[in-house]
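Below: one structure, written as structure tokens.
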Amino acid sequence: MSKEPGDKQARSSQTSLDDIFLYPEMLLDILIQTRLSDQFLDPRRPLTSALEEAYQNLHSIFTFQWGAFLLRDEESSFEPAYISPTANEHEVLVARDRLIDDGIFARALSQSVPITAPLDESQAILLLDPLTTRSQILGVFLAKLPEEVSMNTPLRQKFLRLQLLDIASMIETSLYHESLQRENANLEIRVKVRTQELEAAKNLAEAGNRAKSEFLAVMSHEIRTPLNGILGMTELVLDTELSEEQREMIEIVLGSSRGLLSVLNDILDFSKLQAGKFEVNLVPSHPEQIVNRALQLLSPRFREKQLSVIAHYGEGLPSTCRVDPDRLTQVLLNLLSNATKFTNRQGAILLFVDSKRVRGEHYLEFTIADTGIGIPKEKHEMIFESFTQADSTVTREYGGTGLGLAICADLVRLMKGNISLKSIENVGSAFTFDIRAPLQSNTQVSLDENFLTPHLTQGKHVTTILIADDSEINRVLVRRILEGIGNFRILDATSGMEAMTTLTDIQCDLVILDVKMPGVSGLEVTEWARSGAVPYLDKIPIIGFSAHIEPEIRDRCLETGMNSYVTKPIERIALIEEVKKYI
């Protein structure tokens, strides 16, 4: 008798469900009422929350005692993703294991149909329905039904399948979204790690480049310093009275020293070009004066080989245009040096300079032709490549690194131009290059054409020049060059501190100052002089010189207050030119 109320309630529930499935109108109403919310289909929604809503919708139609969504993991095990009520978790797991052991689980999955089975002797019924999509089996829905609720009618099974198909689709979308989020997170981690690796590699490469640059700078300084003495003193010795045998030997020393300097310059220039450290600085310049200066710098070599050198300037050549005089001079010197090296004694070198317009832009065009050994036709295309010469025998006979023309080509490209070659073996070669050179108007650019005058005119005042350098060789060399061009009072200082003392005690007209001295450097001496500590020093001309050839060193010297800068080894002509500017 005690079970009558429960039996009556169960029969009432069963009758209500039967009524729903007997009348399509009522079923349609239920479908509308139990429609899953739009939020349910949002893949960003937590899966547990979506499964809870899905279960509540199912539970509102079917009187489950408990229900669970079991999802398949990577190992093909079916683990609970949602259980209601949660207190029945143990019973759910026991039921799952029993169905697996009995083979019912496998049958339901293989047939993709709902299956019911008795739970135990209590007459309760287990419902097992696969959660599938067109592409995969996601899991199963497992529920416990009272014995009074039957799932054997086709309409009831189809209704449940319809609901579970929507739920399976939602699960698939949600799992895909979770997988995508994990992949994105992993991708972000991999990108971050890869970025860190690339940054570390970049820093390592930059550190390597800095170390290489520092090494080259130090080696350059250490090699240029003794070369300065060798070249300078050798040139001075050649100005003295020598026997033919002595002159021949000294000229060999001079040529060998110049060869070593050329190799050093090529290596440093090539390194800087590879590192992208060369910059073009366009300033108003006189093309004819740039060419004349390059020819004058090489005039001793022309005389040595008794070469006939002729420069021809086109009628349309402008008096002033904007170019980088240093880079242009470097290209001219390199090509003229090559022409000198590969032309036999008493040969000829011709230099043509003209201007042209290309697509509205003004260009300067240079051609350097020689009567040298020429270059085989099959070598023309490769001649501008690094470490390349026409023949290995050329290297043995004439020397060189094979970098000169590669450097020229790179510098010409930096100046927005092109370089080309015409050559016939055993007849001669002609190199032609052009550079962009915007015209400059209303600007006076002057260069004293007589800067090589052997002696400077002196009045009653005797010009006092201070030479400050810790190297005795450099001081003697500069002194000898100055004594060859005028009657000066020349003072020596072996350190920056001594230079400051001398300038305080004795009024000088010009300072020639080594940039890198131990203790107080040349830069510090210049800063002190420009500070106004000694009234006349804020205007005194200061010429800095150093074995450092980097543009940033030169710029720093000028910014500090030096008037000009000369690199070692000191070219006698270059130093004379700078001195003539200020006295």
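Source: prediction; values computed, not measured.
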Could you check whether any side-chain heavy atom of I383 comes within less than 4.5 Å of a side-chain heavy atom of H380, counting everything from C-beta outward?
no
If we ignore hydrogens and angles and just use 3.5 Å, is the side chain of N563 paired with the main-chain N or O of I543 as donor and acceptor?
no
Out of curiosity, N474 CG to D514 CG, how far, rounded to the nearest 0.5 Å?
6.5 Å
Is R327 reaching over with its side chain to a backbone N or O of V412, donor-acceptor style, under 3.5 angstrom?
no
Here the gap from T432 atom OG1 to D434 atom CG, rounded to the nearest 0.5 Å, amounts to 9.0 Å
Output yes when D509 and R489 qualify as a salt bridge under the 4.0 Å nitrogen-oxygen rule, no when they do not.
no
Is it true that a side-chain atom of T494 and a backbone atom of D470 form a donor plus acceptor pair closer than 3.5 Å?
no
Around atom CD of E245, are there more than 12 heavy atoms of other residues, nucleotides or ligands at under 6.0 Å?
no
More than 12 foreign heavy atoms under 6.0 Å from CG of L295: is that the case here?
yes
Between D370 (side chain only) and I349 (backbone N and O only), is there a donor and an acceptor less than 3.5 Å apart?
no
Okay, side chain of H312, backbone of L350: is any donor-acceptor separation there less than 3.5 Å?
no
Would you please say whether a donor-acceptor pair under 3.5 Å links the side chains of T371 and T343?
no
Where the side chain of H362 meets the backbone of A437, is there a donor-acceptor pair that is under 3.5 Å apart?
yes
S299 and Q296: side-chain hydrogen bond (donor to acceptor under 3.5 Å, both in side chains), yes or no, with the steps?
CA-CA 5 Å; S299 59; Q296 189 63 57; 3.3 Å; yes
Under 3.5 Å donor-acceptor, Y536 side chain and C508 backbone:
yes
Minimum-distance pair of heavy atoms, taken over all atoms of A468 and A499:
CB-CB, 3.9 Å
Output, in order, the C-alpha distance, side-chain angles, deciding distance and verdict of salt bridge (Lys or Arg N to Asp or Glu O under 4.0 Å) for K568 and D469.
CA-CA 12 Å; K568 300 176 186 175; D469 195 316; 3.5 Å; yes
Between R436 (side chain only) and M415 (backbone N and O only), is there a donor and an acceptor less than 3.5 Å apart?
no
For atom CZ of R322, is the number of surrounding heavy atoms from other residues, nucleotides or ligands below 6.0 Å larger than 12?
yes
CE/M497: more than 12 non-hydrogen atoms of other groups inside 6.0 Å:
no
Residues 410-433 vs ring-ring contact (aromatic ring centres under 6.0 Å, His included), sequence neighbours excluded, gives F366-F433
Heavy atoms of K416 and Y363 approach each other most closely as O-CE2, 3.2 Å
Counting only heavy atoms not in E425, do more than 12 sit closer than 6.0 Å to its CD atom?
yes
Under 3.5 Å, side-chain donor or acceptor atoms of residues 184-196 against the rest of the protein: list the pairs with distances, not counting sequence neighbours.
{"unit_1": "N184", "atom_1": "ND2", "unit_2": "L180", "atom_2": "O", "d": "3.4"}
{"unit_1": "N186", "atom_1": "ND2", "unit_2": "R182", "atom_2": "O", "d": "3.2"}
{"unit_1": "R194", "atom_1": "NH1", "unit_2": "E197", "atom_2": "OE1", "d": "3.3"}
{"unit_1": "T195", "atom_1": "OG1", "unit_2": "V191", "atom_2": "O", "d": "2.6"}

Salt bridge (Lys or Arg N to Asp or Glu O under 4.0 Å) contacts in which one or both residues fall within residues 530-545, not counting sequence neighbours
none
If you count heavy atoms of other groups shown closer than 6.0 angstrom to CD1 of I424, is the number above 12?
no
Taking N281 for the side chain and D324 for the main chain, is one N or O donor matched with an acceptor at less than 3.5 Å?
no
Yes or no on side chain to side chain contact (heavy atoms under 4.5 Å, CB included) for V534 and W528, after CA distance, side-chain angles and deciding distance?
CA-CA 9 Å; V534 179; W528 167 78; 3.8 Å; yes
With a 3.5 Å distance limit and no angle check, can you tell me whether E235 reaches the backbone of G232 through a side-chain donor-acceptor pair?
no
